[in-house]
Amino acid sequence: MPETEPAPAAGPDTGSGSDPGVAYTENAARHYGSGAAEVRALDGVDVSFGTGEFTAIMGPSGSGKSTLMHCMAGLDTLTSGRVVIDGEDVSEMSDRERTMLRRDKLGFVFQAFNLVPTLNARENIVLPQRLAGRAPDEAWLDEVVATVGLGHRLDHRPNELSGGQQQRVAVSRALVSKPKLVFADEPTGNLDSTTSDEILTFMRRAVDELSQTIVMVTHDPSAAAYAHRVIFLVDGKIVNEMLDPTSEAVLDHMKTLGN
Amino acid sequence: MLTIALRGIAGNPFRYAATALAIVLGIAFFTATSVMTTSFEDSLNDSIAEAFVDVDVAVRSAEIIETPIIDIRERIPPSVADEIAEVDGVAWVFPFLAGYAQVVAADGKTVGGADANAQAIAWIDDDEVNPLTVVAGRAPVAPDEVVIDVNTFDDGGFSLGDSVQVLPLGPQQRFDVVGAIDDGGTFGGQVLSLSFAGAATVFGGSEVDQIFAGAAAGITPDQLAERLNLRIGADLEAVTGATLTDEFQEVVGTFTNIIEIALQVFAGVALFVGAFVIYNTFTITVAQRTREMALLRAIGATGRQVAVSVVVESAAIGVVASAVGAAAGIGIGWGLLQLLGSFIGDLGLSLSVPAGGLIQGVVLGTVITVAAAYIPARRGARVDPIEAMRDAAAEPGGPARGRLYGGLSVLAAGAGATAWSSVSGEERILYAGLPLVVIAVVLLGPTIVRPISRLLAAPAVRRGSITGELASENASRNPKRSSTTSLTLMIGVALVVTATVFAATLSELIAGDLEEELLADHVVTVSDAVAGAGGGLDPAIAASIGGLGGVDAAVGTRTAFAQVGDGFAPVSGADTARLAAVADLGVVAGTVSGLGPDEVAVREPTARDEGLNIGDTVDMRFQQGASTVTVAGIFDGGYQLVGEWLVDNSSLDASLSRSLDTRILVSADDADQALIASISAALAGDPTAKISTRQEFIDDQAGQITDLLTLLYALLGMSVVVALIGIVNTMSLSIHERTRELGLLRAVGMTTRQLRRTVRYEAAIIALIGTLAGLVLGLFFGWAAFDALGLAYSDFAIPWAALIAIGAAGLVAGLLSGVLPARRAGRLEVLDAIATQ
């Protein structure tokens, strides 16, 4: 049974000793609306993600897990606090700088609608590099594609691919530019369990073998079990974290959060 | 369902903004046309009625030359007035005569520029009958006295007592300015009036147009006219003033009707293009609302109810947009009226708003909107309730093969028919062929969108531009939509290109003919306005130029309207004894030199049509004389110089009160500056004369068609604008549809600048497809029109520079029409976009 630690101990140091991590937040807060209608989606979150680490963020609906991810990726802005990615303060960045950050240092996998329908699989994978006007690293592209097992489907458009294949393309795209950090938002939410396992196994291999850093938002305990670490969010606050999780342990813990 | 339809509009007002604008513009154009022509006609009719209100009866010749617009009536001797005056029941008589004349100001120039309208009438010494009123000085009494309309009087800086020259008379003959008059907006432009004797001098004869008579107390105009008709000869007729008014108003009506129909054709084209825009909007919105409609179907709405809700939506938009358009049309019509007034002179134009025209506009706009929305509405009715459960609407597939083969078959049929018509010379086949080609283009549109957009984006893609590639893919992802959008632009462009090609060809033909046939080194001309009013240069001017040292020949030419055989024809006059020195008419039989007073030369095509050979006779009647003339020569060139029929100037002198030269063709031994100076000196007596070198004259003649082309461009511009609005609209709707995809692109690192560029490129690709299709179709139309006229293929001119300019304009317009949608796409919040369900 993996150990669980109480939440207050979680901080920038969490998980990776003295390494501040490739990305961290300091007292991150995001409020929507004002007055009585104010919603505190994030309410003072301090979290750090170390290089080569696969972290799952879990929590009930409305716990702020997606908001945390969006704010870290520069898709949403904090009301207060800081987000630092690769030593740069995201909260200080302009729209254009945040776009550059996403293009050059981050990778994304969404739950659905991950791919541009007019581009084929290969074009989707190299899209961020094309947008940056850079030639993709062909050797690395081959390696990623081989690892994902997409070789023979590369010339197909998204509507000719199964849901699982589409997600593999999305994961390949997220990895091919060797980003500092990959954000995955419910990447297996639309997939059956066999396909989910394949995708998650691949994501874990990318972390273990290719030294990628992945942060995954999920509500599925069996998906969370592929991570090195699970962070539990409730009402915009980190309430707990779990190292080397199993799906049973996560499920049990989720039940306690429900109360 | 009605509530749903209206909420649908209220919920998405911007979705329909472009649709509404397309209708507003089309209907505004349509209504403005109606408002302008009605106001013009009403104003003119008012002045005509006012002018003849006190004329009880007019006596005039029964002999007329029928022309397409206003008939030319023979003038009658003034002595007829004395006969009439003796008839019992006639209270008064006044002879009426009018014609071309204008004053020369102190600076030696005419007033109002070369294109000003100018005429004179003999003074009628009765305040009631005379449409002119003296506002300063007094009426003309002596033969050398003149009064000038007050606008010309002021603009020309005249003073009472000035001694002035009155054209077409020479500078030696002076007239005293004794008054300024107001014409009450009856004539427009410059109006002079002289005593009867003075007018007779200016017009070259004392024959009068008609004699106005007043009825004595107790006799009605009808009775008087009846009485007079019994007394006067069969070659004369008496009509009431009311008849006179009716006749003039009918001419005005015919004229304004022609203008109204011509303008409404262009409004119709704009509305037709607008219908495509509406069709496209509703097709897209129905597709986007598939889930909403499926939900309605799932909870129990019938397909019919869904369709009706779309139709109601379109009707609401149609009524509102048409009403706004009609209201705007009143304003635009008023503006056009002011513009018209500034061109043709102060006619006292006032605004009339035709209720019928407004209602027509609103009904037309509504019907077009509903009709265009009907097919998409039907499609909405067929939405399967199960669509509500589906995750995402399927991407439309590529165009069907059947469309390709069907389109190619129709194209082959159309091209075949056109070719056949060209070979066989059977025009009717062409009328079947051209629509087939248009249908083929519409059918093939969706199949050519992808290849053409790839081709257009190829240079950008080769450079590795991801934005170009995405734009090209986006343009071709829904080929039907892109095709319909670009075809709207194609219509306007095709018409512009047809007109351009046709004009270029005509212009080159004219220039080519003149290069070959005009031997003169210099040409003296008067403006079209002067020639049109019956003015020109005193024949003495041509004679004096002919007498200059170094001048080989100076040949005056003129034009008169005549009845030739049974029909109306313009007949040219020339100093035929010397004509060969200044023009080569390409004589094919007989001679055109030194034609006698009873001889005529005719151009080959007309000779063929009329079955005329050398020695045959033709009856020819001019305003003041008829004769039977013998065909002495047949020529096949010279259309630009002498038209179809040619007589000697002496024939015209004998058959018209006054015949003036409208051109003088001058050939010289050595055309140097000194000669030009001496010709100019000979022209000093008439400021309406303009001297040009041979080349200037040819360029000017060939360039005249360009003025018409500019007007056509302006009229077709509205259709192009509506089509561009359609592009803006389609792009905006597509962007709305692709919100999530755009959000994804932004999330993985597309900058707003790249996003905007992608959208602009896509708009440009769609516009370019329409422009290119329009160019090809327009060239084809131009060629077909040209072919139908039976002209030689070697003369078909392709104005490359103009075509390239049109292509470039299409590209720029496309990029510009992408600006708004691009800005909208750029403002997209990434988070909202990816969160949109």
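Every chain is numbered from 1 and lettered A, B, ... according to where its sequence line falls, protein lines coming before strand lines.
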What part of A:Leu119 is in contact with chain B, defined as an atom under 4.5 angstrom from a non-hydrogen atom: side chain, backbone, both or neither? side chain

Under 4.5 Å from any heavy atom of chain B - which part of A:Arg98: neither

Can you tell me which portion of B:Leu745 sits under 4.5 Å from chain A's heavy atoms? Options are side chain, backbone, both or neither.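 For B:Leu745, backbone and side chain are both near chain A.
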
Between B:Ser465 and chain A, which part of the residue has a heavy atom less than 4.5 Å away: side chain, backbone, both or neither? backbone

May I ask you to check whether over 12 heavy atoms, not counting those of [X], lie within 6.0 Å of atom [atom1]?
X        : atom1 : value
A:Asp137 : CG    : yes
A:Lys105 : NZ    : yes
B:Arg378 : CZ    : no
A:Arg122 : CZ    : no

What closest approach, in Å, do [X] and [Y] show between heavy atoms, and which atom pair accounts for it?
X        : Y        : answer
B:Glu473 : A:Arg157 : OE1-NH2, 2.9 Å
A:Thr118 : B:Glu741 : OG1-OE2, 4.5 Å
A:Phe108 : B:Ala747 : CE1-O, 3.3 Å

Measuring from B:Met750:CE to A:Arg102:CZ, what's the distance to the nearest 0.5 Å?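 Rounded to the nearest 0.5 Å, the CE-CZ separation comes out at 12.0 Å.
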
To the nearest 0.5 Å, how far apart are CG in B:Leu755 and OG1 in A:Thr99? 10.0 Å

Do the non-hydrogen side-chain atoms of B:Arg746 and A:Asp95 ever get within less than 4.5 Å of each other? yes

Between A:Arg103 and B:Thr751, does a side-chain contact (heavy atoms from CB on, under 4.5 Å) hold up when you go through it step by step? CA-CA 9 Å; A:Arg103 197 172 75 187; B:Thr751 60; 4.1 Å; yes

Indicate whether any N or O donor in one side chain lies under 3.5 Å from an N or O acceptor in the other, for B:Thr752 and A:Arg96.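 No.
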
